[in-house]
2 protein chains.
Amino acid sequence: MGDSPVDINKNLDPLLFKALSEPNRIAILKQLVECCKPCSVTELNECCPIDISVVSRHLAVLRDAGIVEAKKKGKEVYYSICHLELVETLRSIADAIETCCSNDQSASNSSGCKTG
Amino acid sequence: MGDSPVDINKNLDPLLFKALSEPNRIAILKQLVECCKPCSVTELNECCPIDISVVSRHLAVLRDAGIVEAKKKGKEVYYSICHLELVETLRSIADAIETCCSNDQSASNSSGCKTG
DNA sequence: ATTATAATTGCATAGTGACGCAATCGTGCA
DNA sequence: TGCACGATTGCGTCACTATGCAATTATAAT
């Protein structure tokens with residue numbers, strides 16, 4: 001229970017999407033995806049024309065959402081994307097929606113889609 | 001060009017995530033996913049304790065993001081989830097992230113991940 | 001110890017979004 | 001045509017969020 005492969009409630013989390021709903025955060029994320037290596041705040045600041053303090057705050061939002069992780073190295077903090085977890089989460093959501101919605105009405109709820 | 005399977009820029013759209021970043025919109029979406037049939041605004045209003053005008057507005061946001069579609073039938077408007085498109089979009093994003101991030105630095109950009 | 005650099009945090013401000021109520025629009029029915 | 005019902009839109013309010021600047025913290029180098 002609660003661990004079904006189609007647990008919509010577990011994965012459809014507004015917090016995750018809220019973190020991804022800001023254009024500058026998406027720009028930062030794209031930068032991280034394309035670099036495929038940890039980047040410092042200063043490096044990530046190059047992709048968006050905002051104050052570095054704002055970049056730092058955006059990274060904190062992404063970190064709190066579990067989208068990126070931070071590793072301190074000397075004076076700098078290197079952020080990297082949690083790509084394995086992120087990819088799995090996105091696929092889980094897709095699977096859950098697909099499983100639920102591929103039922104026609106007659107099959108109703110045999111696949112375990114239900115509100116908590 | 002621009003149609004590569006790993007086109008991050010096409011799929012990582014803040015508009016989509018913004019539409020999914022509001023708890024009541026997620027509640028509405030869950031309702032639609034679990035019902036797996038078109039629902040009227042009044043029906044969808046049952047899942048969240050807000051004014052029906054707000055539900056209507058939320059549905060408009062979801063519609064503008066391509067997440068749901070509306071079909072008028074008499075006095076009522078029936079909303080249904082665009083599950084095929086949504087599932088494909090989510091999987092495209094997952095694929096793009098996975099493809100980009102599974103490159104180690106030496107392989108760099110042979111897979112076509114690049115900013116527009 | 002002092003200085004320099006990277007990152008974060010405090011604070012004030014401006015912009016955005018959710019919300020409820022009331023008014024309006026669209027459709028069906030008597 | 002007039003009425004009822006479902007949905008949408010206008011508008012004012014409240015809360016939240018993004019932003020920039022300044023101050024602070026943390027680490028490295030002189």
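Below, read A as the first sequence line, B as the second, and so on, with proteins coming before strands; counting in each chain starts at 1. Remember, predicted model here, so these are calculated numbers, not experimental data.
Applying the 6.0 Å contact sphere to CD of A:Glu88 captures no more than 12 heavy atoms from other residues, nucleotides or ligands.
The side chain of A:Asp51 sits closest to D:dC21 out of C:dC19, D:dT8, D:dC21. Checking C:dA7, D:dA7, C:dA18 against every side-chain atom of B:Glu22, the shortest atom distance belongs to C:dA18. Picking from D:dG20, D:dA7, C:dG26 the nucleotide with the shortest atom distance to the side chain of B:Glu76 gives D:dA7.
The backbone N or O of A:Val61 lies less than 3.5 Å from no partner atom in the side chain of A:Arg25, so there is not a single donor-acceptor pair. Remark: side-chain polar atoms of B:Ser56 are not paired, donor with acceptor, to backbone N or O of B:Ile52 under 3.5 angstrom. Panel note: side chain A:Glu76, backbone A:Lys73; no donor-acceptor pair is recorded below 3.5 Å.
Atom-to-atom, CD1 of A:Ile52 to P of D:dA26 comes out at 18 Å; the value is rounded to the nearest Å. Between the C1' atom of C:dC25 and the NZ atom of B:Lys72 lies a distance of 8 Å, rounded to the nearest Å. If you measure from atom CG of A:Leu59 to atom P of C:dA6, you get 16 Å, rounded to the nearest angstrom. Between A:Leu15 atom CG and D:dT17 atom P there is a gap of 10 Å when expressed in whole angstrom units. Summarising the geometry, the separation between CG on A:Leu20 and C1' on D:dA18 is reported as 16 Å, rounded to the nearest angstrom. Following rounding to the nearest Å, B:Arg63 (CZ) and D:dT9 (C1') show an atom-to-atom distance of 13 Å. Going from atom CD of A:Glu46 over to atom P of C:dA6 covers 11 Å, rounded to whole Å. When rounded to the nearest whole Å, the span between CG of B:Asn24 and P of C:dG20 equals 9 Å.
For C:dA18, one of the phosphate oxygens OP1 or OP2 lies less than 4.0 angstrom from a side-chain nitrogen or oxygen of B:Arg25. Proximity of B:Tyr79 to the phosphate of D:dT8: a side-chain N or O atom is located under 4.0 Å from OP1 or OP2. Between B:His58 and C:dC19 there is a side-chain polar atom (N or O) within less than 4.0 angstrom of OP1 or OP2. Under 4.0 angstrom from either OP1 or OP2 of D:dA7 there lies no side-chain N or O belonging to B:Asn45. Taking 4.0 angstrom as the limit, B:Lys18 places a side-chain polar atom (N or O) nearer than this to OP1 or OP2 of C:dG17.
Residue A:Val77 is classed as a sugar-phosphate contact, given heavy-atom separations below 4.0 Å to backbone atoms only.
To the nearest 0.5 Å, atoms CD (A:Gln31) and SG (A:Cys39) are separated by 6.0 Å.
Comparing A:Val54 and B:Ala60, the nucleotide of DNA chain D nearest to each residue sits closer to the 5' end for B:Ala60.
Between the side chain of A:Arg57 and the base of D:dG20, at least one donor-acceptor pair of N or O atoms lies under 3.5 Å. Taking 3.5 Å as the limit, the base of C:dC21 and the side chain of B:Ser53 contain a donor-acceptor pair of atoms between them.
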